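Right, one structure below, let's go through it.
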Amino acid sequence: GNSVTQMEGPVTLSEEAFLTINCTYTATGYPSLFWYVQYPGEGLQLLLKATKADDKGSNKGFEATYRKETTSFHLEKGSVQVSDSAVYFCALSDRTGNQFYFGTGTSLTVIP
Amino acid sequence: GAVVSQHPSWVICKSGTSVKIECRSLDFQATTMFWYRQFPKQSLMLMATSNEGSKATYEQGVEKDKFLINHASLTLSTLTVTSAHPEDSSFYICSAPSGRALSGANVLTFGAGSRLTVL
């Protein structure tokens with residue numbers, strides 16, 4: 001079956017530190033992979049996505065590369081800001097787009 | 001871009017009353033919408049998949065009679081929490097597939113969520 005596993009939080013970093021949030025998946029076929037971000041008190045927003053192996057999604061300084069050989073989609077940012085404090089969810093969907101699977105979410109707090 | 005509007009954003013009600021939450025796709029049609037529940041500091045729990053023109057599909061353990069879902073049109077799905085109790089207090093979020101991007105990925109667009117507090 002399909003599932004997503006992401007690293008547990010919470011993660012606390014100082015401003016300008018390097019961020020990595022690990023995400024691995026199990027899927028049949030060729031899923032699409034996503035990172036969503038949830039700011040305090042808000043709904044989820046799409047951060048970035050990748051649809052096939054070796055694709056790199058990027059947005060707002062965040063990047064993630066679809067690694068089929070390691071079934072991973074780790075989220076990275078070179079220099080985090082206080083405004084990046086949020087909960088990050090890794091997700092996958094099958095090709096039909098009818099099923100979406102989410103990780104448990106990783107809370108990130110960036111301190112000045 | 002695609003927008004999903006969810007209303008109300010926060011509702012407080014007395015125990016025993018029913019509350020309706022609306023989820024609208026503003027600039028696209030959605031034959032399917034997803035309803036989630038999120039407890040504090042926890043992940044999303046898929047409650048049900050609402051299908052336009054037919055019955056919703058509920059996840060295991062979700063009470064159909066408690067959480068009534070209606071997908072009346074291609075742009076509107078509603079979740080009604082019937083006879084709400086304090087344990088129903090939660091953050092409810094809807095989402096809809098907002099069409100395939102040029103890359104081919106089917107993207108989910110989320111509503112901003114509705115916070116329900118039952119006294």
Side-chain angles (χ1 to χ4, degrees), chain A residues 2-11 21 23 29-59 64 66 73 86-109, chain B residues 1-10 21 23-25 28 30-52 54 56-57 59-60 90-115 117:
Chain A
N2 297 328
S3 67
V4 175
T5 302
Q6 66 181 99
M7 97 189 215
E8 293 190 16
V11 174
I21 300 177
C23 171
Y30 302 93
S32 296
L33 302 173
F34 307 85
W35 277 100
Y36 283 86
V37 58
Q38 184 180 31
Y39 297 103
E42 299 183 14
L44 274 69
Q45 303 173 28
L46 177 65
L47 180 61
L48 54 86
K49 62 185 183 294
T51 60
K52 59 184 187 297
D54 300 326
D55 266 3
K56 177 186 284 186
S58 62
N59 185 25
Y66 189 146
F73 192 55
V87 179
Y88 293 82
F89 292 90
C90 185
L92 73 81
S93 76
D94 62 12
R95 275 301 177 191
T96 68
N98 292 328
Q99 296 286 337
F100 284 80
Y101 301 85
F102 287 85
T104 53
T106 302
S107 174
L108 169 67
T109 301
Chain B
V3 176
V4 171
S5 172
Q6 197 171 334
H7 177 82
S9 56
W10 192 359
I21 300 170
C23 181
R24 293 180 184 272
S25 55
F28 66 100
T31 56
T32 301
M33 289 186 177
F34 302 100
W35 287 95
Y36 304 85
R37 184 172 181 177
Q38 186 180 36
F39 294 98
K41 299 184 180 180
Q42 293 188 26
S43 186
L44 302 172
M45 183 191 79
L46 179 64
M47 298 174 65
T49 302
S50 108
N51 304 296
E52 189 270 335
S54 63
T57 305
E59 297 299 303
Q60 191 173 7
S90 193
F91 195 53
Y92 293 88
I93 305 174
C94 71
S95 71
S98 51
R100 296 188 181 278
L102 289 177
S103 60
N106 202 356
V107 177
L108 270 186
T109 298
F110 284 81
S114 299
R115 186 167 303 282
T117 301

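Every value quoted in this text rests on a predicted model; they were computed, and no experiment measured them. We use all heavy atoms of the structure for the numbers below, so side chains are in, but hydrogens, waters and symmetry mates are not.
In Tyr39(A), the OH atom is crowded: over 12 heavy atoms of neighbouring residues, nucleotides or ligands sit closer than 6.0 Å. Counting non-hydrogen atoms of neighbouring residues, nucleotides and ligands closer than 6.0 angstrom, the CD atom of Glu8(A) reaches no more than 12 such neighbours.
Heavy atoms closer than 4.5 Å to chain B are found nowhere in Gln45(A), neither backbone nor side chain. Heavy-atom distances place no part of Ser107(A) under 4.5 Å from chain B, backbone and side chain included. For Leu44(B), the parts lying near chain A are the backbone and the side chain together; criterion is any non-hydrogen pair under 4.5 Å. Using a 4.5 Å cut-off between heavy atoms, Leu46(A) touches chain B through its side chain atoms alone. In this structure, the portion of Gln38(B) lying under 4.5 Å from any heavy atom of chain A is its side chain and not its backbone.
Considering only heavy-atom pairs separated by less than 4.5 Å from chain B, the leading option among Val87(A), Leu33(A), Thr104(A), Leu44(A) is Leu44(A).
Considering every non-hydrogen atom in both Phe91(B) and Gln38(A), the closest pair reads CE2-NE2, 3.8 Å.
Counting heavy atoms from C-beta outward, Leu108(B) and Tyr36(A) have side chains that approach closer than 4.5 Å.
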